[in-house]
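Counting starts at 1 for both ligands and their atoms, in listed order.
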Amino acid sequence: MVYATKQSALQSQGSVISSSLAALEVLTPESVDQVMELLDVSPVTRMLVTDQAGRILYDTDQDDSAVGRYGLLAGVSSALDGYAQFTCAYSHARGAFVSRSATPVVSGGNIVGAVYLYDYDTEQGDIIAGLRDNLLNMSLLFGLAGLVIIVVLSSTLTGRIKRLSSAMDVVRGGDYSHRIPVEGRDELSELSEEFNVLTGRLESTEELRRRFVSDASHELRTPLAAIRLLSDSITQSDDMDTATMREFALDIGSEADRLQRITEKLMTLTKLDAGVTGREREPVDMKQVAERTLHLLAPLAETQNVTLVTELGEGCVVLASADDLYQIIFNLAENGIKYNVPGGSVTLSLKAAGNKALLTVADTGIGIPAEDRENVFDRFYRVDKARSRASGGSGLGLAIVHDAVVANGGEIWVAPRAGRGTVFSVAFPLWEKKEGAS
Ligand code: ADP
């Protein structure tokens, strides 16, 4: 801004003087003096007027007048070549603006001289120096304040990050109940919240795992204890008759069967957990699987005096593993028979509704109390322990059904049957044959 003001002031002053001097045909010290006296020019530090040879004709510096000497200045020589020149610079050392302007004096198309203006401005220089000092002080102040803020912020952040990392250490050590107190609404709080959610999940998974292991060991221990007891009775008795021994051996056999069933079911669940049932999903007609399964269950239904009723619709083709579908239908229908009453019935119906295949297994049995309904899909959960055990149950059947349904993209729910009994419903998305697919 100062530079631009200086340039316009000095150049316009130079051109006023040069155009006033242009009226003179020949520039002499006297004629220039006369013109300059008439002109009301604002004072600059020094003003020189030269003729076309560069000899100084007029000088404002009375004490050290250069009149008569040649003004060997770069600006003057370029002005005498016809080019006006302006330079301005701020000298830090002197704290002043030094501006120079040279303007040619043109008369009748000829360059007859040059006007040289020199301005040494300490006032503006002082302002600039003051401004510079202020800026420096302000920068220092802001820099210092910034530094303090950074130190405070970073120490708070580091503290919070440290808390997060020590919480991770605690959780890594096995304490899944540990939570980080969430404060504020920034990214670190979000991270802490996320960490808490994750730890919560870990805690419930760990709890499930513990319960599963303890339930599984308990289930395995019971038949093992029975086997042990029976075999001890045989070995410790000296006079056991053959019939009793045979009976005990048969009991040992049935307990071994139970053990085998439990371990097989545990294997199935573990595979479902890992997402490997060992079978590929393919388009399967549910009606065929249902018919095959019911055929296998007919003897059990007969011994329990339960009637099997089927209402199997066509067109229920779903993308699933046939073995998983078999497990689902078998377990549901078997439960319907096991938890029934003599003379009761199990109705298995299948129909396509919208874009879903809907399978329902309804029985007229003992029913499931409302408070147990949401737990029946849990592993080892039994409503009536004695009855389940007596019928060879392990409490794993419905857990397998649930996991197999989910693994094949379906849904399962349970409801009481109107009147008496239970209805289990399973829905799978219908398989849509793609154009051109085989
Ligand atoms: P289980 O091997 O004991 O039959 P499930 O997982 O198949 O185990 O079933 C869990 C429990 O749910 C059973 O012990 C039983 O008490 C109850 N249950 C399952 N299906 C039925 C049903 N159709 N009617 C009444 N109770 C049932």
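The nearest heavy-atom contact from the protein to atom 16 (O) of ligand 1 is Val383 N, 3.0 Å. Looking at atom 12 (O) of ligand 1, its nearest protein heavy atom turns out to be Val376 CG1, 3.7 Å. The protein atom (non-hydrogen) at minimum distance from atom 10 (C) of ligand 1 is Tyr381 O, 3.1 Å. Closest protein heavy atom to atom 21 (C) of ligand 1: Tyr339 CD1, 3.5 Å.
Residue contacts with ligand 1 for Lys385 are absent, since no atom lies close enough (heavy atoms, distance under 4.0 Å). Contacts with ligand 1 closer than 4.0 Å are made by side-chain heavy atoms of Thr422 only, the backbone lying farther away. The proximity of Asp363 to ligand 1, defined as any non-hydrogen pair under 4.0 Å, is limited to the side chain.
Electrostatic pairing of Asp324 and Lys271 does not count as a salt bridge here, judged by no charged N lying under 4.0 Å from a carboxylate O. Between Arg379 and Asp215 no salt bridge is recorded (no basic side-chain N to carboxylate O distance below 4.0 Å). Glu255 has no carboxylate O lying under 4.0 Å from a charged side-chain N of Arg228, or vice versa, which leaves the two without a salt bridge. Looking at Asp257 and Arg261, no side-chain N of the basic residue comes within less than 4.0 Å of a carboxylate O on the acidic one, giving no salt bridge. The pair Glu219-Lys265 does not count as a salt bridge, with every side-chain nitrogen at least 4.0 angstrom from each carboxylate oxygen.
Applying the 4.0 Å criterion to heavy atoms of Arg382 picks out, from ligand 1, the atoms 3 (O), 11 (C), 14 (O). Close contacts of ligand 1 with Gly397, meaning ligand atoms under 4.0 Å from a residue heavy atom, involve 5 (P), 6 (O), 7 (O), 8 (O). The ligand atoms of ligand 1 that sit less than 4.0 angstrom from a heavy atom of Asp384 are 16 (O).
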Side-chain donor-acceptor distances from residues 127-145 under 3.5 Å, at least two apart:
from   : atom 1 : to     : atom 2 : distance (Å)
Arg132 : NH1    : His92  : ND1    : 3.0
Asn137 : ND2    : Asp133 : O      : 3.4
Ser139 : OG     : Leu135 : O      : 2.6

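In terms of N/O distances under 3.5 Å, ligand 1 is not approached by Ala399.
Checking Asp372 against Tyr381 by side-chain atom types alone, a donor-acceptor pair falls below 3.5 Å.
When ring centroids are compared, Phe97 and Tyr3 stay outside the 6.0 Å threshold.
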